[in-house]
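Structure first, commentary second.
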There are 2 protein chains.
Amino acid sequence: MRIGQLAQSVGVDTQTIRFYERQGLLPPPGRQENGYRVYTEKHVERLAFIRRCRILDLSLAEIHELKRYQDDPHQSCTAVNALLDDHISHVRSQITALQALEKQLVSLRARCNDDREVKACGVLAGISEGNMHQQ
Amino acid sequence: MRIGQLAQSVGVDTQTIRFYERQGLLPPPGRQENGYRVYTEKHVERLAFIRRCRILDLSLAEIHELKRYQDDPHQSCTAVNALLDDHISHVRSQITALQALEKQLVSLRARCNDDREVKACGVLAGISEGNMHQQ
DNA sequence: TTAAAACTATATAGTCGCTATAAGGTCAAT
DNA sequence: ATTGACCTTATAGCGACTATATAGTTTTAA
Ligand SMILES: [Zn+2]
Ligand SMILES: [Zn+2]
Ligand SMILES: [Zn+2]
Ligand SMILES: [Zn+2]
(Lines give C-alpha, C1' and ligand atoms only; values in the text may rest on other atoms or scores of the structure.)
(Ligands and ions follow the chains in the order given, each with its own letter.)
Protein backbone atom coordinates (compact mmCIF):
# COMPACT_ATOMS: atom_id res chain seq x y z
CA MET A 1 0.00 0.00 0.00
CA ARG A 2 1.41 3.36 -1.04
CA ILE A 3 1.10 6.67 0.75
CA GLY A 4 -1.90 7.87 -1.22
CA GLN A 5 -3.94 4.81 -0.37
CA LEU A 6 -2.98 5.02 3.30
CA ALA A 7 -3.94 8.68 3.28
CA GLN A 8 -7.31 7.95 1.75
CA SER A 9 -8.12 5.01 3.97
CA VAL A 10 -7.48 6.99 7.13
CA GLY A 11 -8.63 10.36 5.81
CA VAL A 12 -5.39 12.27 6.14
CA ASP A 13 -3.27 14.27 3.73
CA THR A 14 -0.13 12.56 2.43
CA GLN A 15 1.91 15.51 3.71
CA THR A 16 0.61 14.86 7.18
CA ILE A 17 1.74 11.25 6.99
CA ARG A 18 5.27 12.27 6.04
CA PHE A 19 5.14 14.86 8.80
CA TYR A 20 4.22 12.22 11.40
CA GLU A 21 7.07 10.07 10.14
CA ARG A 22 9.55 12.92 10.57
CA GLN A 23 8.18 13.52 14.06
CA GLY A 24 8.79 9.88 14.95
CA LEU A 25 5.10 9.19 15.48
CA LEU A 26 4.69 6.83 12.55
CA PRO A 27 7.47 4.25 12.00
CA PRO A 28 9.34 4.65 8.69
CA PRO A 29 7.82 2.24 6.18
CA GLY A 30 9.65 0.12 3.65
CA ARG A 31 10.50 1.52 0.25
CA GLN A 32 10.02 0.29 -3.29
CA GLU A 33 12.94 0.38 -5.72
CA ASN A 34 11.74 3.75 -6.93
CA GLY A 35 11.80 5.15 -3.41
CA TYR A 36 8.05 5.09 -2.87
CA ARG A 37 6.95 4.32 0.67
CA VAL A 38 5.20 0.98 1.23
CA TYR A 39 2.83 0.64 4.16
CA THR A 40 1.28 -2.32 5.96
CA GLU A 41 -1.93 -2.80 7.91
CA LYS A 42 0.02 -1.96 11.07
CA HIS A 43 0.63 1.48 9.69
CA VAL A 44 -3.05 1.92 8.97
CA GLU A 45 -3.89 1.08 12.57
CA ARG A 46 -1.15 3.25 13.94
CA LEU A 47 -2.15 6.23 11.85
CA ALA A 48 -5.82 5.77 12.72
CA PHE A 49 -4.85 5.69 16.39
CA ILE A 50 -2.94 8.93 16.01
CA ARG A 51 -5.87 10.55 14.28
CA ARG A 52 -8.30 9.48 16.98
CA CYS A 53 -5.95 10.94 19.55
CA ARG A 54 -5.86 14.19 17.59
CA ILE A 55 -9.66 14.25 17.47
CA LEU A 56 -9.46 14.07 21.28
CA ASP A 57 -7.08 17.04 20.94
CA LEU A 58 -4.17 15.20 22.47
CA SER A 59 -0.90 16.87 21.52
CA LEU A 60 1.71 15.00 19.52
CA ALA A 61 3.80 14.90 22.70
CA GLU A 62 0.96 13.25 24.56
CA ILE A 63 0.51 10.75 21.74
CA HIS A 64 4.23 10.00 21.89
CA GLU A 65 3.83 9.29 25.57
CA LEU A 66 0.90 6.95 24.95
CA LYS A 67 3.00 5.14 22.37
CA ARG A 68 5.73 4.62 24.93
CA TYR A 69 3.23 3.06 27.30
CA GLN A 70 1.92 0.79 24.56
CA ASP A 71 5.43 -0.41 23.91
CA ASP A 72 5.65 -1.71 27.48
CA PRO A 73 2.31 -3.49 27.82
CA HIS A 74 2.96 -5.15 31.17
CA GLN A 75 3.47 -2.04 33.24
CA SER A 76 0.58 -0.49 35.13
CA CYS A 77 -1.71 1.77 33.21
CA THR A 78 -1.77 4.38 35.96
CA ALA A 79 0.25 6.73 33.79
CA VAL A 80 -2.16 6.35 30.90
CA ASN A 81 -5.10 7.17 33.11
CA ALA A 82 -3.20 10.09 34.61
CA LEU A 83 -2.36 11.43 31.16
CA LEU A 84 -6.03 11.43 30.31
CA ASP A 85 -6.95 13.06 33.59
CA ASP A 86 -4.43 15.81 32.92
CA HIS A 87 -5.76 16.28 29.45
CA ILE A 88 -9.33 16.50 30.73
CA SER A 89 -8.27 19.26 33.06
CA HIS A 90 -6.52 21.03 30.17
CA VAL A 91 -9.82 20.97 28.32
CA ARG A 92 -11.84 22.04 31.34
CA SER A 93 -9.65 25.02 32.04
CA GLN A 94 -9.91 26.05 28.41
CA ILE A 95 -13.68 25.88 28.70
CA THR A 96 -13.68 27.94 31.86
CA ALA A 97 -11.45 30.58 30.30
CA LEU A 98 -13.58 30.79 27.18
CA GLN A 99 -16.78 31.09 29.17
CA ALA A 100 -15.35 34.02 31.11
CA LEU A 101 -14.27 35.54 27.83
CA GLU A 102 -17.71 35.08 26.33
CA LYS A 103 -19.29 36.87 29.26
CA GLN A 104 -16.91 39.77 28.84
CA LEU A 105 -17.56 39.99 25.12
CA VAL A 106 -21.31 39.86 25.51
CA SER A 107 -21.29 42.66 28.05
CA LEU A 108 -19.04 44.67 25.77
CA ARG A 109 -21.36 44.10 22.86
CA ALA A 110 -24.32 45.28 24.93
CA ARG A 111 -22.74 48.72 25.06
CA CYS A 112 -23.68 49.37 21.44
CA ASN A 113 -27.14 48.30 20.41
CA ASP A 114 -27.97 50.97 17.89
CA ASP A 115 -26.21 52.17 14.82
CA ARG A 116 -23.84 54.99 15.62
CA GLU A 117 -20.86 56.72 14.17
CA VAL A 118 -17.64 54.85 14.85
CA LYS A 119 -16.40 57.57 17.16
CA ALA A 120 -19.45 57.02 19.38
CA CYS A 121 -19.39 53.24 19.20
CA GLY A 122 -19.93 51.74 22.63
CA VAL A 123 -17.89 48.67 21.73
CA LEU A 124 -14.79 50.64 20.80
CA ALA A 125 -15.29 52.89 23.81
CA GLY A 126 -15.54 49.83 26.02
CA ILE A 127 -12.27 48.44 24.77
CA SER A 128 -10.52 51.81 24.97
CA GLU A 129 -11.64 52.48 28.51
CA GLY A 130 -10.34 49.13 29.57
CA ASN A 131 -13.21 48.20 31.85
CA MET A 132 -12.22 44.58 31.79
CA HIS A 133 -12.00 43.87 35.48
CA GLN A 134 -15.39 42.18 35.70
CA GLN A 135 -13.69 39.02 34.47
CA MET B 1 9.82 57.64 26.33
CA ARG B 2 11.94 54.71 25.19
CA ILE B 3 10.86 51.18 24.42
CA GLY B 4 11.63 49.78 27.85
CA GLN B 5 9.46 52.33 29.60
CA LEU B 6 6.61 51.79 27.16
CA ALA B 7 6.92 48.06 27.70
CA GLN B 8 6.80 48.42 31.44
CA SER B 9 3.93 50.88 31.52
CA VAL B 10 1.72 48.63 29.41
CA GLY B 11 3.07 45.34 30.72
CA VAL B 12 4.43 43.95 27.46
CA ASP B 13 7.81 42.65 26.39
CA THR B 14 9.92 44.97 24.25
CA GLN B 15 10.13 42.24 21.62
CA THR B 16 6.37 42.24 21.39
CA ILE B 17 6.34 45.99 20.77
CA ARG B 18 8.81 45.65 17.90
CA PHE B 19 6.76 42.73 16.62
CA TYR B 20 3.58 44.84 16.58
CA GLU B 21 5.47 47.57 14.74
CA ARG B 22 6.63 45.10 12.06
CA GLN B 23 3.04 43.85 11.76
CA GLY B 24 1.85 47.39 11.16
CA LEU B 25 -0.27 47.40 14.32
CA LEU B 26 1.74 50.04 16.14
CA PRO B 27 2.88 53.06 14.11
CA PRO B 28 6.67 53.43 13.81
CA PRO B 29 7.84 55.88 16.46
CA GLY B 30 10.43 58.59 16.06
CA ARG B 31 14.10 57.81 16.59
CA GLN B 32 16.83 59.42 18.63
CA GLU B 33 20.19 60.14 17.00
CA ASN B 34 21.47 56.82 18.27
CA GLY B 35 18.60 54.96 16.65
CA TYR B 36 16.60 54.37 19.81
CA ARG B 37 12.82 54.44 19.38
CA VAL B 38 10.99 57.35 21.03
CA TYR B 39 7.35 56.90 21.95
CA THR B 40 4.58 59.30 22.87
CA GLU B 41 1.42 58.99 24.96
CA LYS B 42 -0.46 58.08 21.79
CA HIS B 43 1.68 54.98 21.52
CA VAL B 44 0.91 54.06 25.09
CA GLU B 45 -2.81 54.27 24.38
CA ARG B 46 -2.52 52.41 21.14
CA LEU B 47 -0.50 49.62 22.67
CA ALA B 48 -2.86 49.35 25.62
CA PHE B 49 -5.77 49.13 23.19
CA ILE B 50 -4.05 46.30 21.33
CA ARG B 51 -3.40 44.46 24.57
CA ARG B 52 -7.00 44.77 25.67
CA CYS B 53 -8.08 43.41 22.33
CA ARG B 54 -5.70 40.48 22.78
CA ILE B 55 -7.16 39.80 26.23
CA LEU B 56 -10.49 39.52 24.43
CA ASP B 57 -8.70 37.05 22.17
CA LEU B 58 -9.20 39.14 19.07
CA SER B 59 -6.70 38.15 16.39
CA LEU B 60 -4.19 40.65 15.09
CA ALA B 61 -6.17 40.70 11.85
CA GLU B 62 -9.31 41.63 13.75
CA ILE B 63 -7.42 44.35 15.60
CA HIS B 64 -6.16 45.66 12.26
CA GLU B 65 -9.73 45.84 11.10
CA LEU B 66 -10.80 47.74 14.20
CA LYS B 67 -7.95 50.17 13.61
CA ARG B 68 -9.21 50.81 10.11
CA TYR B 69 -12.65 51.64 11.49
CA GLN B 70 -11.14 53.98 14.06
CA ASP B 71 -9.33 55.81 11.31
CA ASP B 72 -12.66 56.69 9.69
CA PRO B 73 -14.64 57.86 12.72
CA HIS B 74 -17.67 59.17 10.83
CA GLN B 75 -18.76 55.97 9.20
CA SER B 76 -21.35 53.77 10.81
CA CYS B 77 -20.17 51.38 13.49
CA THR B 78 -22.20 48.48 12.09
CA ALA B 79 -19.01 46.80 10.99
CA VAL B 80 -17.48 47.12 14.44
CA ASN B 81 -20.51 45.56 16.05
CA ALA B 82 -20.53 42.83 13.41
CA LEU B 83 -16.88 42.09 14.02
CA LEU B 84 -17.63 41.58 17.68
CA ASP B 85 -20.65 39.43 16.92
CA ASP B 86 -18.52 37.25 14.69
CA HIS B 87 -15.89 36.98 17.34
CA ILE B 88 -18.45 36.02 19.95
CA SER B 89 -19.62 33.25 17.70
CA HIS B 90 -16.01 32.13 17.23
CA VAL B 91 -15.74 31.85 20.98
CA ARG B 92 -19.10 30.15 21.35
CA SER B 93 -18.31 27.51 18.79
CA GLN B 94 -15.00 26.85 20.50
CA ILE B 95 -16.85 26.36 23.76
CA THR B 96 -19.34 24.01 22.17
CA ALA B 97 -16.58 21.97 20.57
CA LEU B 98 -14.64 21.74 23.81
CA GLN B 99 -17.70 20.69 25.77
CA ALA B 100 -18.37 17.87 23.33
CA LEU B 101 -14.73 16.90 23.62
CA GLU B 102 -14.87 16.91 27.40
CA LYS B 103 -17.86 14.58 27.33
CA GLN B 104 -16.02 12.20 25.03
CA LEU B 105 -12.92 12.26 27.22
CA VAL B 106 -14.84 11.66 30.40
CA SER B 107 -16.67 8.68 28.95
CA LEU B 108 -13.35 7.34 27.68
CA ARG B 109 -11.79 7.78 31.10
CA ALA B 110 -14.67 5.87 32.69
CA ARG B 111 -13.57 2.77 30.82
CA CYS B 112 -10.61 2.35 33.15
CA ASN B 113 -11.29 2.89 36.80
CA ASP B 114 -8.93 0.36 38.33
CA ASP B 115 -5.25 -0.19 37.94
CA ARG B 116 -4.55 -2.61 35.12
CA GLU B 117 -1.72 -3.62 32.86
CA VAL B 118 -1.30 -1.28 29.94
CA LYS B 119 -2.42 -3.94 27.49
CA ALA B 120 -5.75 -4.19 29.30
CA CYS B 121 -6.19 -0.44 29.80
CA GLY B 122 -9.71 0.61 28.98
CA VAL B 123 -8.58 4.04 27.91
CA LEU B 124 -6.14 2.77 25.31
CA ALA B 125 -8.68 0.20 24.19
CA GLY B 126 -11.27 2.93 23.82
CA ILE B 127 -9.03 5.00 21.60
CA SER B 128 -7.92 2.01 19.55
CA GLU B 129 -11.46 0.81 18.93
CA GLY B 130 -12.43 4.23 17.75
CA ASN B 131 -15.82 4.37 19.43
CA MET B 132 -15.97 8.09 19.02
CA HIS B 133 -19.32 8.42 17.28
CA GLN B 134 -21.25 9.33 20.41
CA GLN B 135 -20.02 12.89 19.91
C1' DT C 1 3.33 5.49 -28.93
C1' DT C 2 3.14 9.27 -26.86
C1' DA C 3 1.29 12.78 -24.15
C1' DA C 4 -1.31 14.03 -20.35
C1' DA C 5 -2.86 13.13 -15.78
C1' DA C 6 -2.06 11.36 -11.42
C1' DC C 7 1.03 9.93 -8.25
C1' DT C 8 5.44 10.01 -5.70
C1' DA C 9 9.79 12.24 -3.77
C1' DT C 10 12.47 16.06 -1.22
C1' DA C 11 13.15 20.65 0.39
C1' DT C 12 11.51 24.86 1.91
C1' DA C 13 8.43 28.44 3.59
C1' DG C 14 4.14 29.95 5.59
C1' DT C 15 0.43 29.99 9.27
C1' DC C 16 -0.25 32.65 14.42
C1' DG C 17 1.43 35.41 18.21
C1' DC C 18 4.73 35.67 20.20
C1' DT C 19 9.46 34.24 22.69
C1' DA C 20 14.35 33.31 22.73
C1' DT C 21 18.92 33.75 21.16
C1' DA C 22 22.98 35.86 19.09
C1' DA C 23 25.89 39.55 18.20
C1' DG C 24 26.53 43.95 18.60
C1' DG C 25 26.05 49.39 19.70
C1' DT C 26 25.05 53.06 23.53
C1' DC C 27 24.96 55.09 27.94
C1' DA C 28 25.42 56.00 33.04
C1' DA C 29 27.67 54.91 37.10
C1' DT C 30 31.52 53.07 39.65
C1' DA D 1 38.21 51.43 32.36
C1' DT D 2 34.84 48.37 33.05
C1' DT D 3 30.60 46.81 34.50
C1' DG D 4 25.78 46.66 33.87
C1' DA D 5 21.52 48.10 31.95
C1' DC D 6 19.63 49.42 28.05
C1' DC D 7 19.06 49.61 22.98
C1' DT D 8 19.65 47.75 17.89
C1' DT D 9 18.90 44.08 14.07
C1' DA D 10 18.60 39.43 12.47
C1' DT D 11 17.34 34.85 13.00
C1' DA D 12 15.17 30.69 14.77
C1' DG D 13 11.78 28.21 17.49
C1' DC D 14 7.05 26.86 19.25
C1' DG D 15 2.69 23.26 17.38
C1' DA D 16 0.51 20.90 13.98
C1' DC D 17 0.11 21.14 10.09
C1' DT D 18 -0.45 23.22 5.01
C1' DA D 19 1.30 25.01 0.80
C1' DT D 20 4.60 25.65 -2.76
C1' DA D 21 8.38 24.46 -5.85
C1' DT D 22 10.81 21.22 -8.38
C1' DA D 23 11.56 16.88 -10.03
C1' DG D 24 11.01 11.90 -10.93
C1' DT D 25 7.52 7.82 -11.81
C1' DT D 26 3.51 5.46 -13.02
C1' DT D 27 -0.93 5.04 -15.06
C1' DT D 28 -4.37 6.20 -18.35
C1' DA D 29 -6.11 7.42 -22.65
C1' DA D 30 -5.94 9.48 -27.33
ZN1 LIG E 1 -3.55 17.69 26.84
ZN1 LIG F 1 -20.95 50.21 17.82
ZN1 LIG G 1 -12.39 36.28 16.34
ZN1 LIG H 1 -6.06 2.37 32.18
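Lettering follows sequence order; numbering is per chain, from 1. The figures here come from the full heavy-atom set of this structure, side chains too, leaving out hydrogens, waters and symmetry mates.
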Test item: A/Gln99 and B/Gln99 side chains (from C-beta on) under 4.5 Å apart, heavy atoms: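 Of all side-chain heavy-atom pairs linking B/Gln99 with A/Gln99, at least one is under 4.5 Å.
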Side chain proximity check, A/Gln75 to B/Glu117, heavy atoms < 4.5 angstrom: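 Counting from C-beta outward, A/Gln75 and B/Glu117 never come under 4.5 Å.
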Relative orientation of the end axes in the helix from C/dT1-D/dA30 to C/dT30-D/dA1, expressed as an angle to the nearest 10° (five pairs per end):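 Axis angle across the helix from C/dT1-D/dA30 to C/dT30-D/dA1, nearest 10°: 30°.
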[X] [atom1] - [N] [atom2] separation (whole Å):
X	N	atom1	atom2	result
A/Ile3	D/dT26	CD1	C1'	16 Å
A/Glu21	C/dA9	CD	C1'	12 Å
B/Met1	D/dC6	CE	C1'	15 Å
A/Phe19	D/dC14	CZ	P	11 Å

Any donor-acceptor pair under 3.5 Å joining the side chain of [X] to the base of [N]?
X	N	result
A/Gln32	C/dT8	no
A/Gln23	D/dA16	no
A/Gln15	D/dT20	yes

N/O donor-acceptor pair under 3.5 Å between B/His87 side chain and B/Leu56 backbone: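 Present.
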B/Arg92 (side chain) donor-acceptor with A/Glu102 (main chain) under 3.5 angstrom: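 Checked: no pair found.
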Looking at [N], I'd like to know if its phosphate oxygens (OP1 or OP2) sit under 4.0 Å from a side-chain N or O belonging to [X].
X	N	value
B/Arg37	D/dT9	yes
A/Thr16	D/dT18	yes
A/Arg31	C/dT8	no
B/Asn34	C/dC27	yes
B/Arg51	C/dC18	yes
B/Tyr20	C/dC18	yes
A/Arg54	D/dC17	yes
B/Tyr36	C/dC27	no

Over 12 non-hydrogen atoms of neighbours within 6.0 angstrom of CD in A/Gln32: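 Correct, the count exceeds 12.
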CD (B/Gln23) with more than 12 external heavy atoms under 6.0 Å: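 Above 12, so yes.
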With A/Tyr39 via ring-ring contact (aromatic ring centres under 6.0 Å, His included) - residues at least two apart: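 Expected list: A/His43.
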Along DNA chain C (nearest heavy atom to each residue), the more 5'-positioned of A/Arg18 and B/Asp13: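 Residue closer to the 5' terminus by nearest nucleotide: A/Arg18.
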5' priority, DNA chain C, between A/Gly35 and B/Ile50 [closest heavy atom]: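 Mapping each residue to its closest nucleotide by heavy atoms, the 5'-most match is A/Gly35.
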Gap between atom CD1 of A/Ile63 and atom CZ of A/Arg51 - 0.5 Å precision: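 If I round to the nearest 0.5 Å, the distance is 8.0 Å.
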B/Thr14 vs A/Ser59, nearer the 5' end of DNA chain D by closest nucleotide: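 With B/Thr14 and A/Ser59 compared, the 5'-side residue is B/Thr14.
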